[in-house]
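Please read the structure below before turning to the comments.
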Amino acid sequence: EQPAEQQPGNILIIPAQFGKRHAGRSVRRARVMFTANEFGLGAFANGCMLLAHPERITRFEDLCIDAAGDEYNDPVDGQRWFGAPLWYFYGGKLLFDTHWVSSVRGSYGAASGFFPQLA
């Protein structure tokens with residue numbers, strides 16, 4: 001039976017994590033490390049999760065969330081710069097921005113979801 005058929009209503013609930021599993025990895029490396037049933041969550045999914053769990057990021061020291069399911073491209077001088085959206089806390093506010101998919105920072109982690117194991 002498919003997950004959508006198992007859950008009533010218009011909302012599909014899947015297992016997900018907020019970045020700790022891939023903390024300290026670049027978005028590019030996290031994508032390589034995803035398991036067969038794992039996928040990167042985009043900025044919209046992360047935003048919805050943050051609305052449901054506002055306690056997740058409330059201080060500068062909290063793990064920033066990379067939206068590994070989305071990409072952002074800002075061509076500069078004819079070059080292509082690939083970035084990924086991220087959520088972080090700074091100056092007393094929750095902020096949204098992008099950074100390079102190859103950037104490695106210990107305070108960042110890629111959020112991901114997991115396809116249910118089907119029999």
Side-chain angles (χ1 to χ4, degrees):
E1 207 174 348
Q2 297 295 319
E5 295 166 355
Q6 297 171 356
Q7 298 179 36
N10 296 326
I11 297 174
L12 182 61
I13 298 172
I14 60 164
Q17 61 85 33
F18 258 132
K20 189 171 183 180
R21 177 178 169 84
H22 298 288
R25 293 181 178 147
S26 69
V27 170
R28 180 171 288 164
R29 182 68 182 153
R31 289 175 180 167
V32 169
M33 298 300 294
F34 286 163
T35 61
N37 70 323
E38 187 177 10
F39 59 94
L41 295 175
F44 180 76
N46 284 300
C48 291
M49 290 168 59
L50 286 168
L51 285 172
H53 301 279
E55 73 283 357
R56 170 55 181 81
I57 299 182
T58 59
R59 6 176 245 136
F60 177 76
E61 296 79 15
D62 290 336
L63 185 68
C64 303
I65 303 169
D66 284 319
D70 286 341
E71 288 187 0
Y72 171 79
N73 185 29
D74 185 12
V76 177
D77 297 329
Q79 298 179 14
R80 292 176 58 137
W81 299 99
F82 290 100
L86 74 133
W87 297 89
Y88 65 103
F89 198 85
Y90 185 77
K93 298 177 186 175
L94 178 63
L95 300 171
F96 180 75
D97 203 350
T98 61
H99 73 117
W100 294 340
V101 294
S102 297
S103 235
V104 178
R105 295 187 179 155
S107 59
Y108 290 64
S112 60
F114 303 88
F115 292 111
Q117 299 293 330
L118 302 176

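- Taking all atoms of both residues into account, the shortest heavy-atom contact from Leu63 to Arg56 is O-NH1, 2.8 Å.
- Taking each heavy atom of Pro85 and Thr98 in turn, the nearest pair found is CA-CG2, 4.0 Å.
- Judged purely by distance below 3.5 Å, without hydrogens or angles, the side chains of Asp66 and His22 never pair a donor atom with an acceptor atom.
- Take Phe44 and apply the ring-ring contact (aromatic ring centres under 6.0 Å, His included) test, not counting sequence neighbours, and it matches no residue.
- Rounded to the nearest 0.5 angstrom, Ser26 OG and Arg105 CZ are separated by 11.5 Å.
- Residues meeting the side-chain hydrogen bond (donor to acceptor under 3.5 Å, both in side chains) test with Asp97, sequence neighbours left out: none.
- For the pair Glu71 and Arg28, the salt-bridge criterion is not met [side-chain N within less than 4.0 Å of a carboxylate O].
- Here the closest heavy-atom approach between residue Phe34 and residue Phe39 is recorded as CE1-C, 3.7 Å.
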Apply side chain to side chain contact (heavy atoms under 4.5 Å, CB included) to the pair Asp70 and Leu41, showing each step before the final yes or no. CA-CA 7 Å; Asp70 286 341; Leu41 295 175; over 6 Å; no
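- By the rule that hydrophobic residues join a cluster once side-chain heavy atoms approach within less than 4.5 Å of another member, Leu50 and Tyr88 end up as members of separate clusters.
- Arg29 places no side-chain N or O within 3.5 Å of a backbone atom of Ser102 that could act as its donor or acceptor partner.
- At a threshold of 4.5 Å between non-hydrogen side-chain atoms, the residues Ile65 and Leu86 do not count as touching.
- Residues Phe60 and Tyr90 meet the side-chain proximity criterion, which asks for heavy atoms closer than 4.5 Å.
- Residues Val27 and Met33 fall into different hydrophobic clusters, defined by Ile, Leu, Val, Met, Phe, Trp and Tyr side chains chained together at heavy-atom separations under 4.5 Å.
- Smallest separation of non-hydrogen atoms from Pro54 and Thr58: O-CG2, 3.5 Å.
- Taking CG of Asp62 as the start and CG of Leu94 as the end, the distance is 10.0 Å to the nearest 0.5 Å.
- Note that CH2 of Trp87 and CZ of Phe96 are 5.5 Å apart. Values are rounded to the nearest 0.5 Å.
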Check residues 11-18 and write down every donor-acceptor pair under 3.5 Å in which the side-chain atom is one partner and the other belongs to a residue at least two apart or another chain.
unit_1, atom_1, unit_2, atom_2, d
Gln17, OE1, Gly19, N, 2.7
Gln17, OE1, Lys20, N, 3.1
Gln17, OE1, Arg21, N, 3.1
Gln17, NE2, Ala110, O, 2.9
Gln17, NE2, Ser112, OG, 2.8

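- Using a 4.5 Å heavy-atom threshold, the side chains of His99 and Tyr108 count as touching.
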